[in-house]
Amino acid sequence: MAADTQVQQDERVRAESFATKLMKKPELGAIGGVILVTLFFLFTADSAMFTLSGIMNFMTPAAQLGILGIAAAMLMIGGEFDLSIGSMVAFAGMVFGVFTVNLGLPLVVAIPLTMAFAAGIGAVNGSIVLKTGLPSFIVTLAGLFILRGASLVGLKIFTGGSTQLRGVRDAVEGDWLAPIFSGEAFGGLFTWLASMGLVETFKNGTPKVPGIPVEILWFIAIALVATYILLRTPAGNWIFATGGDSNAAKNSGVPVRKVKISLFMLTACAAALVAIITVIDAGSTDARRGFMKEFEAIITAVIGGCLLTGGYGSAIGAFFGAIIFGMVTIGLTYTDFDQDWFQIFLGGMLLLAVVFNNVIRKRVTGER
Amino acid sequence: MSADSKFHHGDVPADAKPIIHMEEIKKNFGNVIALNGVTFDVTPGECHCLLGDNGAGKSTFIKTMSGVHKPSSGQIFFEGTPMSFDSPREAMEAGIATVFQDLAMIPLMSVTRNFFMGREPTKGRGIARRFDLDRANEITMEEMRKMGINLRAPDQAVGTLSGGERQTVAIARAVYFGAKVLILDEPTSALGVRQTSNVLSTIDRVRKQGVGVVFISHNVRHALAVGDRFTVLNRGQTLGTARRGEIEASELQDLMAGGQELAQLEGSLGGTV
């Protein structure tokens with residue numbers, strides 16, 4: 001069959017060069033960005049940045065943001081925004097704290113309940129957007145304030161006046177589920193590597209990096225699963241179709257409502273996961289958790305190649321977008337630059353990504 | 001007049017049973033009478049053209065046929081039995097496919113992804129159930145080739161196709177998913193000469209496969225090129241049905257405009273209509 005199609009090529013359509021094919025991959029910009037940022041820090045930063053412990057250092061915040069960014073990217077491909085995810089991190093953190101500390105529930109109950117709580121709020125967000133037909137931007141902007149306020153008020157109620165809820169570490173200590181959501185994985189492997197002299201160790205022989213922080217593993221796993229869903233399942237096709245033109249999708253039999261509500265639930269659950277991981281890690285939760293994360297997640301998605309209009313983007317792109325983010329935030333501390341350059345860099349990167357994506361979209365659709 | 005032409009090959013057997021028969025369809029929107037007793041049928045392998053000027057009721061009529069509207073009165077027979085479709089989906093499942101002017105295509109997505117949108121073939125089971133892209137690509141290439149279009153690649157975005165090619169993708173998709181009746185809403189209205197001829201030959205191909213085609217148009221020449229029968233709609237009523245070879249373009253044109261009006265028009269336009 002392949003040979004057959006070769007013969008019947010339309011002479012008016014020029015064969016695509018490898019470069020053009022590459023250009024059509026939505027994640028191209030983000031991968032290029034990672035290379036550029038890496039080069040930049042190779043020249044300017046202290047060499048400690050690219051040691052194993054340095055890499056773990058910037059990958060941890062990248063992973064926490066990336067989990068949100070990938071979910072935000074999927075929602076954006078589906079044609080909607082969720083500005084409430086940052087506040088959702090604080091809110092889910094509070095809910096989780098109350099479940100574990102105040103109610104003393106084991107993680108096996110507390111985690112699913114927190115997730116269900118978040119998913120419920122996500123579903124409400126989605127339903128409001130679909131019922132009213134208002135832009136999700138404005139509906140979830142309301143959610144941003146409501147959830148942030150609810151976290152503040154709620155924390156004061158549950159702690160008797162404080163905006164910080166302590167004691168999570170004691171509450172989850174020894175819980176069999178805790179290692180999946182906190183600490184480092186593959187500790188044994190790293191100890192073994194240290195004993196073989198393959199990784200850096202402290203003077204007493206313990207490895208400098210005790211293991212891979214679990215959030216990095218979650219981050220990688222979520223990126224892989226999201227990419228698989230988007231590119232290789234009917235649901236993925238529905239997400240692209242819904243974001244591309246929800247009316248056309250509906251007419252072709254795509255369950256547009258279900259797709260959108262599920263995506264809102266997904267972003268809320270991603271926020272809850274980040275909340276659970278960071279709260280266990282810190283041992284406490286406070287109302288400022290996840291502050292501004294909604295914008296950072298959207299920036300991650302856009303750097304990853306998502307179009308603001310929906311219907312185009314990639315989870316792998318958001319994965320690399322988050323890594324760029326982590327490298328820059330942490331990387332600047334290894335250089336002589338003032339750390340506050342970070343925000344300027346971020347804005348510049350966003351602008352560049354949007355312009356670049358726009359050009360790519362025109363290429364893909366053959367628009368002139 | 002010879003029945004065969006560039007876009008018309010072979011006749012429909014005279015005794016063929018209609019797939020869909022619409023009897024005395026009336027449709028009111030409040031106090032506006034959009035359809036006032038329209039009777040229309042399509043047999044397998046036939047291209048029945050529905051002609052009419054803007055506002056004649058063509059759109060209302062096809063929306064009634066495709067399940068978007070319910071008729072205020074009148075009956076719909078599908079393969080001989082009375083039917084009432086509650087939604088476009090039900091009509092689609094019965095085998096009535098409509099290609100509306102917006103085509104239900106997403107420019108940013110590939111031809112394959114558009115072709116199978118909402119009806120993706122899968123392989124594997126349970127959690128491993130996944131979109132069978134290889135098969136989908138193969139089918140898309142094959143179906144498009146049948147319609148006379150050679151895609152560069154099945155992952156080519158629909159946005160890069162021409163208007164005629166997009167129309168053909170939409171038609172091929174409907175036929176592949178088992179359409180018995182294919183309703184085409186002004187498929188040639190926005191196309192150039194060459195693309196129009198591609199779409200017309202696509203209609204001829206589809207017709208030969210035994211699908212009943214309802215071709216809505218206000219272009220008499222396009223209709224005459226492919227049609228087996230011609231029904232003219234004016235002010236919500238049918239002005240009669242003619243067979244291929246029994247009617248001339250000028251007569252159809254006259255009917256569409258409602259006879260006397262065109263006589264006046266022609267005077268003012270100097271015979272350019």
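Only this structure's heavy atoms are used, side chains among them; waters, hydrogens and symmetry mates stay out. By convention in this document, chain letters (A, B, ...) are assigned in the order of the sequence lines, proteins followed by strands, and residues within each chain are numbered from 1.
The contact between A:L231 and chain B is made by backbone and side chain atoms together, counting heavy-atom distances below 4.5 Å. Residue contact with chain A, scored on non-hydrogen atoms closer than 4.5 Å, involves the backbone of B:A128 exclusively. Heavy atoms closer than 4.5 Å to chain A are found in the side chain of B:M92, but not in its backbone.
In plain terms, the two heavy atoms of A:A249 and B:M117 that are nearest each other are CA-SD, 4.1 Å.
Ranked by non-hydrogen atom pairs under 4.5 Å with chain B, the options A:A241, A:A235, A:G236 are led by A:A241. In terms of non-hydrogen atom pairs under 4.5 Å with chain A, the most contact-rich of B:R173, B:E120, B:R129 is B:E120. Comparing A:N247, A:N251, A:L307, A:N237 by how many heavy-atom pairs each has under 4.5 Å with chain B, the most go to A:N237.
Around CZ of A:R232, the count of heavy atoms belonging to other residues, nucleotides or ligands within 6.0 Å does not exceed 12. Counting non-hydrogen atoms of other residues, nucleotides and ligands closer than 6.0 Å to NZ of A:K258 gives a total of 12 or fewer.
In this structure, the side chains of B:R207 and B:D204 come closer than 4.5 Å at one or more pairs of heavy atoms.
Taken from CD1 in B:I62 to CD1 in B:I183, the straight-line distance is 6.5 Å, to the nearest 0.5 Å.
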